[in-house]
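Order of listing sets the numbers, starting from 1, for every ligand and every atom in it.
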Amino acid sequence: MRLDKFLSDMGVGTRSQLKKIIRGGSVRVEGVSAFDPGMKVDEDTVVTVNDHVVTYERFSYYMLNKPSGVLSACEDKHDKTVLDLFPENIRRGIFPVGRLDKDTVGLLLITNDGGLSHRLLSPGSHIDKVYLARVDGELTEAHVKAFESGLKVDEGFTALPAKLEIIKSAPELSEAKVTIREGKFHQIKRMFEATGTTVTFLKRLSMGSLVLDESLSPGEYRRLSDSEINDLKLL
Ligand code: URA
């Protein structure tokens, strides 16, 4: 591949920024200054920028703190999507693993690793997903039991047993942690609706071993660490 592609894939800059950086003499290939952005390199070539080694990784993994109001999609004619939150040079080839509703916030994994995505989303994988939910009514032990015993959401869908941990309960606003092992359309909203309450706020806190980094503000993302990636691959 071209040297500027190698570096842009790794998020060092856009192709036009990289042309300037390379022509400016900051880049070395196998220890030798490289001035040609089109120079051919491969994934194992030792490339440094300002003496820092840039390792080529075929797959990229990011956690995004999804804000409200953006779609979990790659592109949309009308609405902003989660990929619009990433700069153009790293947007190519990445996609969200699964969907959160437009108004749901929190943890969303973004990657270009189709194999991992497929494994995480496959119906048989039953990975725990933990959400913080606020609802507009009181939550009681009856709700906990109903979630635990496999809630009949509607004629066509009975949820797998889910865990409801009430954080606070009041007649007009309650808060709870919910753990589900499926990912059906609007699942949590529909589960609460089936018990007579409406979700007013929903945030995903974790997916399997991957926990939302609370230092990320809504709309911010970061690369996963090596141990976060390895743990996900073990799920
Ligand atoms: N359940 C929902 O209802 N919405 C989401 O976005 C995720 C889970």
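Using a 4.0 Å cut-off to heavy atoms of Thr104, the atoms of ligand 1 that qualify are 4 (N), 5 (C), 6 (O).
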From CA spacing to verdict: side chain to side chain contact (heavy atoms under 4.5 Å, CB included), Lys233, Leu116
CA-CA 7 Å; Lys233 289 182 177 171; Leu116 179 72; 4.2 Å; yes

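Asn65 and Tyr221 form no side-chain donor-acceptor contact under 3.5 Å, judged by distance and modelled atom types alone.
At a heavy-atom cutoff of 4.0 Å, ligand 1 is contacted by no atom of Ile180, backbone or side chain.
Remark: minimum distance from atom 1 (N) of ligand 1 to any protein heavy atom is reached at Ile188 N, 3.1 Å. Nearest to atom 4 (N) of ligand 1 among the protein's heavy atoms is Asp101 OD2, 2.7 Å.
In terms of polar-atom proximity, defined here as any N/O pair under 3.5 Å, Arg99 makes no such contact with ligand 1.
We find that Lys189 and Asp103 are joined by a salt bridge, their nearest charged nitrogen and carboxylate oxygen being less than 4.0 Å apart. A salt bridge links Glu214 to Lys203: at least one charged side-chain nitrogen sits closer than 4.0 Å to a carboxylate oxygen.
At least one heavy atom of Tyr131 sits less than 4.0 Å from an atom of ligand 1.
Taking each heavy atom of Ala159 and Gln187 in turn, the nearest pair found is CB-NE2, 4.1 Å.
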